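In what follows, a single structure is set out as structure tokens and then discussed.
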There are 2 protein chains.
Amino acid sequence: MCIGIYNTIRMGGLELSLAHALLGLIRYHPTTGYQLKDDFDHSIKIFWNATLPQIYRTLNQMESQCWLKAEIEIQKGKPNRKVYSITEEGLEELQRWLNEPLEKIEQKYSALVKVFFANKADPEKFSGHLEEFRNYYENLLNFYETDQAEIIRKASQDSRACLESEYWKLSADFGIRMAKMIVEWCDEALKIHNNLHEESK
Amino acid sequence: MCIGIYNTIRMGGLELSLAHALLGLIRYHPTTGYQLKDDFDHSIKIFWNATLPQIYRTLNQMESQCWLKAEIEIQKGKPNRKVYSITEEGLEELQRWLNEPLEKIEQKYSALVKVFFANKADPEKFSGHLEEFRNYYENLLNFYETDQAEIIRKASQDSRACLESEYWKLSADFGIRMAKMIVEWCDEALKIHNNLHEESK
DNA sequence: GTATTATATATACCAATGCACATATAATAC
DNA sequence: GTATTATATGTGCATTGGTATATATAATAC
């Protein structure tokens with residue numbers, strides 16, 4: 001019944017993070033794809049996003065892999081709920097993955113490619129885009145430091161989550177540092193860019 | 001002869017960065033796919049990587065799009081070189097793209113998902129992985145601050161590149177700040193993690 | 001002498017991602 | 001009354017990305 005959808009090479013790799021993120025969330029309690037999307041948006045969205053179709057597809061693959069088992073909950077009026085819970089194999093796989101090395105951060109920043117070639121861009125427009133970029137990350141920083149922090153604070157009041165919440169805070173702190181770094185870099189970039197084009201005003 | 005391979009929706013989008021990175025590099029001087037891979041590795045690799053097959057495929061698409069024109073240079077013994085140069089359309093497209101807003105940074109850090117669930121990982125192993133992660137970014141930081149800086153310094157001595165090199169430095173500075181931020185976060189993470197598991201030693 | 005690396009251009013295939021769309025109902029907002 | 005949002009599960013298609021492989025030669029390293 002259980003078909004290995006990932007070949008052994010990929011299985012040995014470290015790139016199945018969406019599946020593992022889902023395993024991690026389902027471990028807390030059995031849940032549906034729709035609910036998982038919501039959980040995602042309120043927890044690990046800041047460093048991993050996923051769309052609903054992606055989640056549903058991955059859940060199906062994980063079921064074939066026997067990392068999950070599903071139970072159909074019949075509802076009247078609404079579509080039936082497909083409630084997933086983690087299996088023994090799923091727990092083992094999550095455990096295995098958690099003990100693997102930390103994956104390096106993929107650096108794919110097309111905005112920075114634009115900055116690299118910005119000498120040929122319109123100075124006024126570029127300045128505006130830098131400001132907009134800066135403000136986006138300042139807003140994100142505010143969100144992380146208020147709303148996101150509140151979510152974690154509330155969740156950590158659950159006594160079982162006491163130790164766990166230290167790691168939630170730690171990962172959220174990464175997002176905060178990242179956003180802060182970007183805002184600071186933008187300020188520096190704006191200063192340098194505006195200096196270079198001062199005479200042309 | 002010129003076939004629009006990207007539909008109008010994608011064309012209006014902002015995601016064709018590999019093509020635009022290539023346009024930016026080819027604008028300096030006509031070159032081949034093989035050479036472009038090398039240029040990539042010595043310039044914008046720190047925020048955009050590409051494999052050779054990807055570069056060749058994209059160049060073919062860009063030729064169909066008429067952003068580039070190709071000339072075959074016959075060589076004895078070695079395979080013929082396909083030398084691409086930028087067209088008027090290519091220059092216009094590059095210009096258009098450079099004046100578009102800066103794309104937000106895609107936050108997809110599976111390492112941070114692992115940190116989020118790290119409470120269930122083996123504390124000793126996790127500690128080791130954090131250290132390895134930290135050392136990787138410390139080495140990268142050293143590379144950016146020495147070798148990478150030297151590449152930019154040398155390139156900027158070309159008198160035409162005087163203004164341009166300010167933007168090279170600015171984009172490289174982003175990489176430096178990023179690596180620094182990660183090392184600092186790791187130090188904090190190691191401190192907190194080790195404190196939490198001190199009693200178990 | 002043998003193995004590797006550099007030069008040079010690709011194709012095939014698989015995995016991951018994202019957007020649009022399909023289907024269906026209930027509750028709420030205006 | 002109408003529109004939107006929330007609940008709930010998917011399919012289809014296009015793009016992007018990465019690895020393996022094919023082909024061919026010259027130079028260098030051991």
Side-chain angles (χ1 to χ4, degrees), chain A residues 4-22 31-42 48-65 70-84 103-104 106-108 110, chain B residues 4-22 31-42 48-63 65 68 70-84 103-104 106-108 110:
Chain A
I5 48 149
Y6 302 119
N7 64 46
T8 39
I9 293 153
R10 299 295 291 177
M11 283 292 287
L14 304 163
E15 305 284 24
L16 305 168
S17 309
L18 176 55
H20 294 101
L22 293 171
T31 187
T32 69
Y34 192 80
Q35 268 282 291
L36 279 167
K37 168 65 177 161
D38 201 58
D39 291 348
F40 241 85
D41 289 350
H42 291 97
W48 198 279
N49 193 24
T51 59
L52 260 177
Q54 224 184 319
I55 289 173
Y56 282 121
R57 247 175 308 174
T58 307
L59 287 172
N60 279 329
Q61 291 172 339
M62 290 161 78
E63 199 187 348
S64 312
Q65 196 85 16
E71 260 178 81
I72 307 292
E73 211 174 82
I74 288 148
Q75 295 196 126
K76 283 174 201 163
K78 291 180 192 176
N80 295 336
R81 300 174 82 225
K82 198 170 175 187
V83 182
Y84 289 99
E103 298 88 352
K104 304 303 175 290
E106 201 188 338
Q107 311 218 108
K108 215 148 246 202
S110 69
Chain B
I5 47 149
Y6 302 119
N7 65 44
T8 40
I9 293 154
R10 298 296 293 177
M11 282 291 287
L14 303 163
E15 305 284 25
L16 303 168
S17 309
L18 177 55
H20 294 101
L22 292 172
T31 186
T32 69
Y34 192 81
Q35 268 282 291
L36 279 167
K37 169 63 178 162
D38 201 59
D39 291 349
F40 242 85
D41 289 349
H42 291 97
W48 199 277
N49 193 23
T51 60
L52 261 178
Q54 225 184 318
I55 289 172
Y56 283 120
R57 243 177 310 168
T58 307
L59 287 171
N60 279 329
Q61 291 172 339
M62 290 162 78
E63 200 187 347
Q65 196 86 16
L68 300 178
E71 260 179 82
I72 307 292
E73 210 175 85
I74 289 149
Q75 295 194 125
K76 283 174 201 163
K78 291 181 192 177
N80 296 336
R81 302 175 81 225
K82 199 170 174 185
V83 182
Y84 289 100
E103 297 88 351
K104 303 303 174 290
E106 201 187 339
Q107 311 217 112
K108 213 147 247 203
S110 67

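Within every chain, numbering begins at 1; the chains are lettered A, B, ... in the order of the sequence lines, protein sequences first and strands thereafter. Because the structure is predicted, anything quoted here is derived from the model rather than measured.
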Nearest to the side chain of Thr51(B), which nucleotide is it out of dT19(D), dT9(D), dG17(D)? dT19(D)

Side chain of Trp48(A) (C-beta onward), nearest among dA8(D), dA10(C), dT17(C): dT17(C)

With sequence neighbours left out, the residues meeting salt bridge (charged side-chain N to carboxylate O under 4.0 Å, His left out) with Lys104(B) are Glu132(A)

Could you state the CD-C1' distance from Gln35(A) to dA6(D), rounded to the nearest angstrom? 11 Å

Could you state the CD-P distance from Glu103(B) to dT16(D), rounded to the nearest angstrom? 13 Å

To the nearest Å, how far apart are Leu22(A) CG and dT9(D) P? 13 Å

In chain order, what residues pass the side-chain hydrogen bond (donor to acceptor under 3.5 Å, both in side chains) check against Asp41(B), with sequence neighbours excluded? Lys37(B)

Does some side-chain heavy atom of Leu36(B) sit less than 4.5 Å from a side-chain heavy atom of Leu59(B)? yes

Residue met sooner reading DNA chain C from 5', once Gly33(B) and Glu106(B) are mapped to nucleotides: Gly33(B)

How many whole angstroms separate atom CD of Gln61(A) from atom P of dG10(D)? 13 Å

Whole-Å gap separating C1' (dT23(D)) and CG (Leu52(B)): 15 Å

What is the separation between atom CD1 on Ile55(A) and atom C1' on dT11(D), rounded to the nearest whole Å? 16 Å

Taken to the nearest whole Å, NZ/Lys108(A) to C1'/dG18(D) is 9 Å

Side chain of Leu18(A) - closest among dT17(C), dT9(D), dA10(C): dT17(C)

With respect to the side chain of Pro53(B), which nucleotide from dG18(C), dT11(C), dT11(D) is positioned closest? dT11(C)

Would you indicate which nucleotide in dA12(C), dT9(D), dT9(C) comes nearest to any side-chain atom of Arg57(B)? dA12(C)

If each of Gln54(A) and Val83(B) is mapped to the nucleotide of DNA chain C with the nearest heavy atom, which maps nearer the 5' terminus, i.e. the 5' end? Val83(B)

State which residues pass side-chain hydrogen bond (donor to acceptor under 3.5 Å, both in side chains) with Glu73(A); sequence neighbours excluded, sorted by chain then number. Arg81(A)

Report which part of the nucleic acid Lys37(A) touches: base, sugar-phosphate, or nothing (heavy-atom distance under 4.0 Å, all strands). nothing

Expressed as a whole number of angstroms, how long is the span from Asp41(A):CG to dT5(D):C1'? 15 Å

Contacts of type side-chain hydrogen bond (donor to acceptor under 3.5 Å, both in side chains), residue Gln107(B), not counting sequence neighbours: Tyr144(A)

Under the side chain to side chain contact (heavy atoms under 4.5 Å, CB included) test, residues paired with Gln54(A) that sit two or more places apart: Leu18(A), Ala50(A), Thr51(A)

Using a cut-off of less than 4.0 Å, is there contact between a side-chain N or O of Tyr34(A) and OP1 or OP2 of dT7(D)? yes

Minimum-distance nucleotide (side-chain atoms of Arg81(A) versus dA8(D), dG18(D), dT9(C)): dA8(D)

Once rounded to the nearest 0.5 Å, what's the spacing between atom CG of Asp38(B) and atom OG1 of Thr32(B)? 9.5 Å

Rounding to 10 degrees, work out the angle separating the end axes of the helix from dG1(C)-dC30(D) to dC30(C)-dG1(D) (five pairs an end). 40°

Less than 4.0 angstrom between a side-chain N/O of Tyr56(A) and OP1 or OP2 of dG10(D), yes or no? no

Which atoms form the tightest heavy-atom contact between Gly33(B) and Tyr56(B), and what is the distance? CA-CE2, 3.9 Å

